[in-house]
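Written out below as structure tokens is the structure these notes cover.
In this chain, numbering begins with 1 at the start of the sequence shown. Model, not experiment: these values are computed from the prediction.
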Amino acid sequence: MERELISKKELLELTGISYGQLYRWKRKRLIPEEWFIRKSTFTGQETFFPKELILGRIDQIINKKDDLSLDELAEKLSQSPLLPDMHATAGELLDRNIVSKVVLDRYGITPGSERGAVYSFPEFFPLFVIDQLLAAGEISLEEGGLLVETLNEQWPKLEGKPCDLLFFRKMGLSSCVIVSVPAELHFDKGVKVVARLSLLDLTEQVKGKLI
């Protein structure tokens, strides 16, 4: 599944930032160099960006730059992209709309008296993914358990490599798989791919809520 790109010109017009700001943030490591993608077009070489990632990152920078210096912000944003060293309490997960109470209660992180309990990123990230799919009406709470099990067992083995999570069904039976990207997968016609999610994109969303 090809990632949607946005050109540099479109990015500057859409966000209102200047060319100088964009490249200053690049030098400060606020925007990863690998997000600057050079492609040939009919007018010559142009720079493109992964649209969802760059728009989310610029929104984070604009919203946080008055509270943190650019160096402090760069340190937070430049952590391992898929396994950031982040922690949150059950209360923060609720208050920042990272995980809903329904999912917290169902999968063992109980708020209330334990709002101050601290959880690592690998512990709460699968719950965030479940919430995204539940909100879209793609899976049931029962199917969420399969997703948690898959992420807990398989995701660490990829050691921070970019990967996608696929959730699919065949003849009423659900399954999910994590694949390194880029990758092309071809299923038989009896398989319905319910969702394909970029774990990098989802990680960026969570980081934006916690920074």
Side-chain angles (χ1 to χ4, degrees), residues 1-65 68 70 73-86 96-98 121-122 125-126 128-129 131-133 135-136 138 147 151 154-156 158-167 176-185 193-211:
M1 185 171 59
E2 189 172 351
R3 187 185 299 277
E4 184 179 2
L5 301 178
I6 184 172
S7 70
K8 180 170 63 181
K9 179 181 178 181
E10 291 172 324
L11 178 68
L12 299 181
E13 291 176 349
L14 185 61
T15 61
I17 66 172
S18 67
Y19 178 95
Q21 280 178 303
L22 178 65
Y23 281 87
R24 184 187 180 204
W25 292 344
K26 178 186 179 184
R27 290 194 302 273
K28 285 285 188 178
R29 298 180 296 110
L30 290 163
I31 300 175
E33 185 168 351
E34 57 267 26
W35 290 6
F36 289 71
I37 302 167
R38 298 286 290 173
K39 291 175 68 74
S40 296
T41 68
F42 67 92
T43 59
Q45 287 281 320
E46 291 188 27
T47 300
F48 293 81
F49 303 86
K51 184 175 182 179
E52 188 172 348
L53 290 179
I54 190 68
L55 290 177
R57 179 60 60 88
I58 288 176
D59 185 62
Q60 292 172 25
I61 296 170
I62 291 173
N63 288 328
K64 302 293 183 180
K65 65 185 179 65
L68 299 169
L70 292 183
L73 189 53
E75 183 177 353
K76 290 180 177 293
L77 291 173
S78 63
Q79 297 182 48
S80 174
L82 279 178
L83 294 171
D85 183 19
M86 287 183 167
R96 302 194 186 195
N97 297 317
I98 296 172
F121 187 88
F125 179 72
F128 171 74
V129 178
D131 248 328
Q132 301 301 298
L133 292 172
E138 303 286 10
L147 191 150
L151 283 171
Q154 305 302 327
W155 192 30
L158 291 165
E159 300 178 339
K161 298 175 183 176
C163 49
D164 286 354
L165 172 71
L166 278 82
F167 194 93
C176 55
V177 64
I178 299 174
V179 296
S180 299
V181 293
E184 287 189 22
L185 298 174
V193 178
V194 176
R196 181 167 183 169
L197 305 174
S198 164
L199 295 181
L200 177 58
D201 289 359
L202 293 175
T203 299
E204 285 291 315
Q205 291 180 39
V206 177
K207 286 167 66 175
K209 291 175 180 288
L210 286 175
I211 291 173

What I'd like to find out is whether the side chain of [X] reaches to under 4.5 Å of the side chain of [Y], using heavy atoms alone.
| X | Y | value |
| --- | --- | --- |
| Thr15 | Ile54 | no |
| Ile17 | Ile61 | no |
| Leu165 | Leu147 | yes |
| Lys207 | Arg57 | yes |
| Lys51 | Glu10 | no |
| Phe36 | Leu22 | yes |
| Ile37 | Pro50 | yes |
| Asn97 | Asp131 | no |

Assess the side chains of Ser7 and Glu46: does a donor N or O sit below 3.5 Å from an acceptor N or O? no
Would Glu204 and Glu52 satisfy side-chain contact (heavy atoms from CB on, under 4.5 Å), going step by step from the backbone distance to the final call? CA-CA 10 Å; Glu204 285 291 315; Glu52 188 172 348; over 6 Å; no
Are more than 12 heavy atoms, taken from residues, nucleotides or ligands other than Glu13, located less than 6.0 Å from that residue's CD atom? yes
For Lys26, I'd like to know if atom NZ has over 12 heavy atoms of other residues, nucleotides or ligands within 6.0 Å. yes
Determine whether Leu11 and Phe48 satisfy the following criterion, side-chain contact (heavy atoms from CB on, under 4.5 Å), listing intermediate values before the conclusion. CA-CA 9 Å; Leu11 178 68; Phe48 293 81; over 6 Å; no
Could you go through Gln21 and Ile62, starting from their C-alpha distance and side-chain angles, then the distance that decides it, and tell me whether this counts as side-chain contact (heavy atoms from CB on, under 4.5 Å)? CA-CA 11 Å; Gln21 280 178 303; Ile62 291 173; over 6 Å; no
Side chain Asp59, main chain Leu55, donor-acceptor under 3.5 Å: no
Measure the [atom1]-[atom2] distance between [X] and [Y] for me, rounded to the nearest 0.5 Å.
| X | Y | atom1 | atom2 | result |
| --- | --- | --- | --- | --- |
| Arg29 | Leu70 | CZ | CG | 11.5 Å |
| Cys163 | Leu199 | SG | CG | 4.5 Å |
| Tyr19 | Arg24 | OH | CZ | 15.5 Å |
| Cys176 | Leu197 | SG | CG | 10.5 Å |
| Leu53 | Thr203 | CG | OG1 | 10.0 Å |
| Phe49 | Leu5 | CZ | CG | 10.5 Å |

Worked check of side-chain contact (heavy atoms from CB on, under 4.5 Å) between Val177 and Phe167: CA-CA 7 Å; Val177 64; Phe167 194 93; over 6 Å; no
Ignoring hydrogens, what is the shortest heavy-atom contact between [X] and [Y]? Give both atom names and the distance.
| X | Y | answer |
| --- | --- | --- |
| Leu185 | Leu166 | CD1-CD2, 3.6 Å |
| Ala195 | Leu133 | CB-CD2, 3.6 Å |
| Phe128 | Leu202 | CE2-O, 3.7 Å |

